[in-house]
There are 2 protein chains.
Amino acid sequence: MSGRRSVADALDTRAAILRRAADIASVEGLEGLTIGRLAADLEMSKSGVIGHFGSKEQLQLATLDHAADLFRLRVWEPVRHLRPGLERLLGICASWTRYAEAPGFAGGCFIAETSFEWDGRTGPVHDALVVVTGRWRRTLAAEIRTAIAAGELAADLDPDQAVFGLEALAAGINPARQLHGETQAPTWALRTMHAILGVSPATAS
Amino acid sequence: MSGRRSVADALDTRAAILRRAADIASVEGLEGLTIGRLAADLEMSKSGVIGHFGSKEQLQLATLDHAADLFRLRVWEPVRHLRPGLERLLGICASWTRYAEAPGFAGGCFIAETSFEWDGRTGPVHDALVVVTGRWRRTLAAEIRTAIAAGELAADLDPDQAVFGLEALAAGINPARQLHGETQAPTWALRTMHAILGVSPATAS
DNA sequence: TTGAAGTACGAACGTTCGGTCGCTAAATTG
DNA sequence: CAATTTAGCGACCGAACGTTCGTACTTCAA
């Protein structure tokens with residue numbers, strides 16, 4: 001009844017842990033995630049859970065990576081094939097706000113949640129978060145610069161300022177929906193993103 | 001060496017606890033706030049701390065109220081005397097972004113932090129947060145509607161969408177500064193707020 | 001067939017959590 | 001001056017925390 005079942009099962013177990021961990025952490029935060037709670041939910045022992053990661057901090061890092069993978073899969077992958085520049089940028093805005101509406105986690109977008117939870121702290125999780133969000137920021141900035149170079153966006157648009165605006169709006173969907181039940185928040189965010197980029201609704205659709 | 005000192009001291013003690021609690025919670029979150037940590041920082045016993053509030057949840061609610069008071073004092077009070085409508089609205093944007101730049105807490109704006117921490121949870125703290133942020137949203141929306149009625153803002157501006165945008169931008173300053181060291185974030189936020197309202201830089205200054 | 005590697009268990013570890021209790025002593029009230 | 005109230009302390013509780021350890025069992029390689 002106990003012991004290892006198979007390599008495939010083991011990989012499944014680890015994946016199942018991370019899936020559940022991301023779900024819990026999206027509500028309780030990455031620090032509010034506890035090994036005991038995780039074990040109870042998965043009907044495992046605590047040592048069985050932590051054995052896959054070694055420590056809680058490693059579990060947190062793995063959970064963050066898992067969530068980042070999911071974010072890329074849901075936001076970046078669908079628009080990856082589009083032409084670099086404005087077309088792909090608008091695609092990102094669309095898939096991003098769509099993702100924020102239904103991120104697949106119980107508590108909303110994991111990355112946004114964690115950014116606010118860990119921005120004031122220090123340590124490996126903070127640093128990993130900087131890497132993950134920094135990479136996304138650079139992707140956005142590059143796309144904007146490409147669009148400007150192609151004449152698709154105004155030459156006087158500040159890419160860094162635009163990236164800041166887009167990120168803030170996407171993150172803002174979380175509390176708007178869960179605190180105030182603003183179901184229109186994703187639509188508002190998308191419209192305001194277009195305004196920031198100086199794109200007319202006609203061009204955007 | 002022990003025992004009560006005076007009523008004035010007692011009020012000071014309570015205020016000192018709340019001040020320190022808000023400071024800790026701005027970094028560690030309202031849940032990461034612990035009575036033991038608080039007692040150690042203030043060189044008190046745990047029972048001496050919790051005696052002022054009764055339970056941790058009451059302490060959390062009091063801390064939230066305290067932070068909301070400070071927010072009102074720093075953001076609303078300075079522009080309270082201004083003429084309702086666009087003038088006061090622009091004043092709010094200015095004091096708001098200034099506040100987000102130096103909120104007086106170790107970990108950035110407390111309200112923004114807590115909004116993301118508690119948006120997915122339930123209970124009294126969540127409910128209190130809804131009240132606090134809801135009141136602020138209504139204040140903003142009313143100011144925008146006044147400005148529209150006076151012809152100072154475009155008639156087709158959606159007040160709720162604008163409120164969503166302003167709030168998202170103000171909150172976004174937190175992780176931008178603390179995660180990526182973007183010292184320009186407050187300036188970016190203010191500029192984008194003006195863009196959302198359809199106000200030209202000339203009018204704004 | 002035997003041995004190594006790996007997966008999970010259950011029990012225990014020391015610590016910290018929120019919270020309670022009885023007490024002391026100062027301030028307030030009469 | 002006596003009685004009441006109250007701030008704060010220190011000891012303590014049960015529960016939950018992250019973590020370690022020895023053990024059982026399965027799978028895979030030699």
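The chains referred to below are lettered A, B, ... by the order of the sequence lines, with proteins before strands, and numbering in each begins at 1. Atoms considered below: every heavy atom in the structure, side chains included; atoms not considered: hydrogens, waters and symmetry mates.
- Residue A:Lys46 places a side-chain atom within donor-acceptor reach of the base of D:dG18, judged by atom type and a 3.5 Å distance cut-off alone.
- For A:Ala16 against A:Leu42, the heavy-atom pair with the smallest separation is O-CD2, 4.2 Å.
- We find that CD1 of B:Ile35 is positioned 5 Å from P of C:dG19, with the value rounded to whole Å.
- Backbone-only engagement by A:Leu33 is indicated by non-hydrogen atom pairs under 4.0 Å involving sugar-phosphate atoms exclusively.
- The aromatic ring centroids of A:Trp96 and A:Trp136 lie less than 6.0 Å from each other.
- B:Ser45 comes within contact range of at least one nucleobase, with a heavy-atom separation under 4.0 Å.
- In this structure, NZ of A:Lys56 is placed 19 Å from P of C:dT15, rounded to the nearest angstrom.
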| task | Go through the steps for A:Arg80 and A:Glu77 under the test salt bridge (charged side-chain N to carboxylate O under 4.0 Å, His left out), then give the verdict. | result | CA-CA 5 Å; A:Arg80 199 180 131 92; A:Glu77 212 55 44; 3.4 Å; yes

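- In this model, the phosphate group of D:dA7 is not approached by any side-chain N or O of B:Thr13 to a distance below 4.0 Å at OP1 or OP2.
- Between the CZ atom of A:Phe53 and the P atom of C:dA8 there is a distance of 11 Å, given to the nearest Å.
- Residue B:Glu31 contributes atom CD, which lies 12 Å from atom P of D:dC17 at whole-angstrom precision.
- The interatomic distance linking A:Glu28 (CD) with D:dA16 (P) rounds to 15 Å, in whole Å.
- In summary, the aromatic rings of A:Phe71 and A:Phe110 are positioned with their centroids too far apart to meet the 6.0 Å limit.
- Proximity of B:His52 to the phosphate of D:dT6: no side-chain N or O atom is located under 4.0 Å from OP1 or OP2.
- Picking from C:dA8, D:dG18, C:dC9 the nucleotide with the shortest atom distance to the side chain of A:Ser47 gives C:dC9.
- Taking atom CG on A:Leu38 and atom P on D:dT19, their separation rounds to 13 Å, with Å as the unit.
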| task | Could you walk me through whether A:Glu101 and A:Arg177 pass the salt bridge (charged side-chain N to carboxylate O under 4.0 Å, His left out) test, one step at a time? | result | CA-CA 8 Å; A:Glu101 193 171 4; A:Arg177 280 182 58 244; over 6 Å; no

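- Taking the nucleotide of DNA chain D with the nearest heavy atom to each of A:Arg37 and A:Gly54, the more 5' of the two is matched to A:Arg37.
- In the set C:dA8, C:dG19, D:dG8, D:dG8 carries the atom at the smallest distance from any side-chain atom of B:Met44.
- Using a 4.0 Å heavy-atom criterion, one finds that A:Leu59 contacts no nucleic acid atom at all.
- The nearest whole Å value for the distance from the CD1 atom in B:Ile17 to the P atom in D:dA7 is 11 Å.
- Atom P of nucleotide C:dC9 and atom CG of A:Leu42 are separated by 10 Å, given to the nearest angstrom.
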